[in-house]
There are 2 protein chains.
Amino acid sequence: MSILADVARLAGVSKSTASRALSGRGYVSDETRMRVEEAASELGYVVSSAAASLVTGRTRNVAVVIPYINRWYFAEVLEGIEASLIRGGYDLTLYRLSTDLDLRRRVFDYFLVRKRVDAVISVAIDLSPHEVQMLQALGKPLVGIGGRIEGIPTLSIDDVETARVATEHLLSLGHTRILHIGGDQHEQMDFRVHSQRYTGFTRALRAAGVEAEGAFRSAEFSIEGGYQVGLSVLGDPRTRPTAIFAGCDEIGIGITIAARQLGISVPHELSIIGIDGHPIAEMLGLTTLAQRPGNQGARAVELLLSQLEHADATPPNEHEVLPTELAVRTSTAAQR
Amino acid sequence: MSILADVARLAGVSKSTASRALSGRGYVSDETRMRVEEAASELGYVVSSAAASLVTGRTRNVAVVIPYINRWYFAEVLEGIEASLIRGGYDLTLYRLSTDLDLRRRVFDYFLVRKRVDAVISVAIDLSPHEVQMLQALGKPLVGIGGRIEGIPTLSIDDVETARVATEHLLSLGHTRILHIGGDQHEQMDFRVHSQRYTGFTRALRAAGVEAEGAFRSAEFSIEGGYQVGLSVLGDPRTRPTAIFAGCDEIGIGITIAARQLGISVPHELSIIGIDGHPIAEMLGLTTLAQRPGNQGARAVELLLSQLEHADATPPNEHEVLPTELAVRTSTAAQR
DNA sequence: CTCCCACCTGGCACCGGTTCCACAACGGCG
DNA sequence: CGCCGTTGTGGAACCGGTGCCAGGTGGGAG
């Protein structure tokens, strides 16, 4: 394991010149630079990032805190973040925060706070003012994905509006017996995504003069969750809705599978719409309001790096609303 | 941002005593330790991991290189790794290696090699001897998941045997027109998982005296991939197989959906078996050979940490075979 | 011709911990 | 009573880079 001093010696220059040559900062003649580079590659030299970050205070490492990995939306966001960071020469340190509050505290108090990371991206986690303040006190830029957080730049889709548009699509097809199968209001994710989508749903119904009472069933935010609730809800033809607005595509997919299993024809007997843009939704012809989680991740990195690269620019502590697009496929049709 | 010297001053002790008190190494009187701890928490002190790892040479950070995030098996492995690492007080730095060879080189040459990580877990990536040697030369313990790698401890299921058992299950039910829908042999993942499962398949057929010629179709390793190939393969009732061995549960799920769509009754007209233990497989009643990817990740961490914690123990450069368990559900039945 | 500036290089202090070593106090044992 | 081992503490040398500053060149402007 060779160190900078070895490289300098082999190249016949001083440590500082070797450092300049390799990092590209400051004046070095082309000839010297080449000699140093040669020496470095001959010795298989690589900088010690610990030493570098000790003196510069920068680690070129970004933390991502995220509640799930094995769910489509989160995995997509993560992939988007990872790809962008690596392209920018940054490492990505992953913290999965479960519902374990104790772990959450540990991650914040112990892991994030050590000067290991330059910045933090939090996905679908509603940071408390105290957590935000703590990270900001450390001078760490912070970007949130999935909902608003006071005082830091965040980005997300407009959940209320997206749900409203989805519901309106069903209403415009003449449906009035519409059921919303969404996430549990109590065990919801941090940003109240569930209740926001529910709000959009009821808002659309009310605007159309349709009764919202009893038009909601909760399900786990997964294909299995949608499937189970789908089976139970679609079983009785007398109480069966003519259209379902699923809180996410995974639920919608589960419902679709349940409907097929029960011999309920989609869209003739039942219309289904979801939110997300999941590839399986496309495969099944599920109408949806598509978002691009990968792009959200990439955008978050972009915001972060711009803060990191020129610290002068005051951070745009704004909430950025990302678009969703209605993709009408074959799971929704006019009410017969 | 307070540093150790501040804490020492506030506690009225020297830097070295403060360091000992906080790290728990060496002699410190209980009373002094308490004073130091108090001072530290009063100042909100946290160690600079850069400074610490500069002198100790340990970073308490493990790299994970993985080809996918948004696939069930990989996400499960990743979750298992993450949970175990955080419990052991280690950070996890994530590198997603796509098929981009250039990126792969960069990750190895540039990212992994900087003294940022203490160890590396490689998931479903067949490291070249050169890559192994490079990491070992840096003294970094290395564990592989998903297949054998010469010279380092690895763990995986026995793909050949698992596929053989799956096929045998179909054979034992009296099926002879069995199709294997698996991954593309050419575009396969690194460990030749696809060809190994194919080998197990043909081996079982041969042992039963069944012709293997033409009994294979390739699909993308995903639900959509299985669905598409399923549609094309199941369309013509005259050439339709009576049983399908899917290369993974995701393919099996896709085939199941395709079969339902075509009105083919499972298991009466078609038996389907997969490999993995995907939750949707369970939901659909898909018979499978279940593995526990999360446990594989946890086990890998265990191997790694034992190497890290007591460097004396020579690494057990062995391949550990993890079990798969036949879970017979409702997608397989005797040939009529 | 002088002055200034852009270019190039080396010396050295520093980042913030860890750890080795020296030293001191104290108790137990022969 | 002297010696030794255990315990407790402080001083100082690191770890391996970065970057400031000083010093030295050479060329163009005044």
Side-chain angles (χ1 to χ4, degrees), chain A residues 1-37 39-40 43-61 89 91 110 113-118 138-139 311, chain B residues 1-37 39-40 43-61 89 91 110 113-118 138-139 311:
Chain A
M1 200 66 287
S2 57
I3 63 174
L4 186 62
D6 301 336
V7 175
R9 199 176 316 118
L10 181 59
V13 297
S14 70
K15 259 175 66 179
S16 30
T17 300
S19 171
R20 276 188 298 255
L22 293 174
S23 68
R25 285 180 283 267
Y27 293 118
V28 187
S29 72
D30 285 350
E31 200 235 321
T32 309
R33 184 194 317 285
M34 298 219 301
R35 274 220 319 284
V36 174
E37 276 166 1
L43 294 174
Y45 167 82
V46 275
V47 284
S48 154
S49 59
S53 62
L54 175 57
V55 49
T56 59
R58 314 272 272 65
T59 61
R60 295 195 78 79
N61 189 11
D91 280 344
Y110 177 64
V113 117
R114 302 189 297 168
K115 334 190 80 179
R116 289 185 149 276
V117 296
D118 292 341
L138 294 166
Chain B
M1 198 65 291
S2 58
I3 64 175
L4 185 62
D6 300 337
V7 176
R9 198 177 317 118
L10 181 58
V13 296
S14 70
K15 258 175 65 179
S16 30
T17 300
S19 170
R20 277 188 297 256
L22 293 174
S23 68
R25 283 178 285 265
Y27 294 118
V28 187
S29 72
D30 285 349
E31 199 238 319
T32 309
R33 184 194 318 286
M34 298 218 303
R35 275 223 316 286
V36 173
E37 275 166 1
L43 295 175
Y45 168 82
V46 275
V47 282
S48 154
S49 60
S53 62
L54 175 58
V55 48
T56 60
R58 316 269 274 63
T59 61
R60 295 195 77 79
N61 188 12
D91 279 346
Y110 177 63
V113 116
R114 301 188 300 167
K115 336 191 79 183
R116 287 184 150 280
V117 295
D118 291 341
L138 294 166

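Remember, predicted model here, so these are calculated numbers, not experimental data.
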Footprint ends on DNA chain D, 5' to 3', for atoms under 4.0 angstrom from a heavy atom of chain A, come out as D/dG16 to D/dC20
Tell me the interatomic distance from B/R9, atom CZ, to C/dG16, atom C1', rounded to whole angstroms. 13 Å
CG/A/L54 to OG/A/S49 distance, rounded to the nearest 0.5 angstrom? 11.0 Å
For atom CG of B/L4 and atom P of C/dT18, their distance in whole Å: 7 Å
Taking CZ from A/R33 and C1' from C/dT9, how many angstroms apart are they, rounded to a whole number? 13 Å
Taking atom P of C/dC7 as reference, at what distance in whole Å does atom CD of A/E31 sit? 18 Å
To the nearest 0.5 Å, tell me how far A/S29 OG sits from A/M34 CE. 9.5 Å
So which of residues 11-19 of chain A are in contact with DNA chain D, with a heavy-atom cut-off of under 4.0 Å? A/K15, A/S16, A/S19
B/Y27 atom OH is separated from C/dC23 atom C1', nearest whole Å, by 16 Å
Using distance alone, with no hydrogens and no angle criterion, decide if A/T17 and A/R20 have a side-chain donor and acceptor under 3.5 Å apart. yes
Of B/R20 and A/V55, the one whose nearest nucleotide on DNA chain D sits closer to the 5' end is B/R20
Taking all non-hydrogen atoms of both residues into account, name the closest pair between A/D118 and A/R60 and its distance. OD2-N, 2.7 Å
Close side-chain approach of A/V47 to A/L22, heavy-atom, < 4.5 Å: no
How is A/R25 classified with respect to the nucleic acid when contacts are heavy atoms under 4.0 Å: base, sugar-phosphate, or nothing? sugar-phosphate
Rounded to whole Å, OH of B/Y45 lies from C1' of C/dG16 at a distance of 7 Å
From A/R9 atom CZ to A/L4 atom CG, the distance as rounded to the nearest 0.5 Å: 10.5 Å
At what distance, to the nearest 0.5 angstrom, does CG of A/N61 lie from CG of B/N61? 7.0 Å
What distance separates A/E37 CD from A/T32 OG1, expressed to the nearest 0.5 Å? 11.0 Å
When the distance from CG of B/L54 to P of C/dT19 is rounded to whole Å, what number comes out? 12 Å
Report which part of the nucleic acid B/I3 touches: base, sugar-phosphate, or nothing (heavy-atom distance under 4.0 Å, all strands). sugar-phosphate
Would you check if A/I3 and A/D6 make a side-chain contact, meaning some heavy-atom pair closer than 4.5 Å? yes
Classify the nucleic acid contact of B/T32 as base, sugar-phosphate or nothing, counting any heavy atom under 4.0 Å across all strands shown. sugar-phosphate
Mapping A/S23 and B/S29 to their closest nucleotides on DNA chain D, which lands nearer the 5' end? B/S29
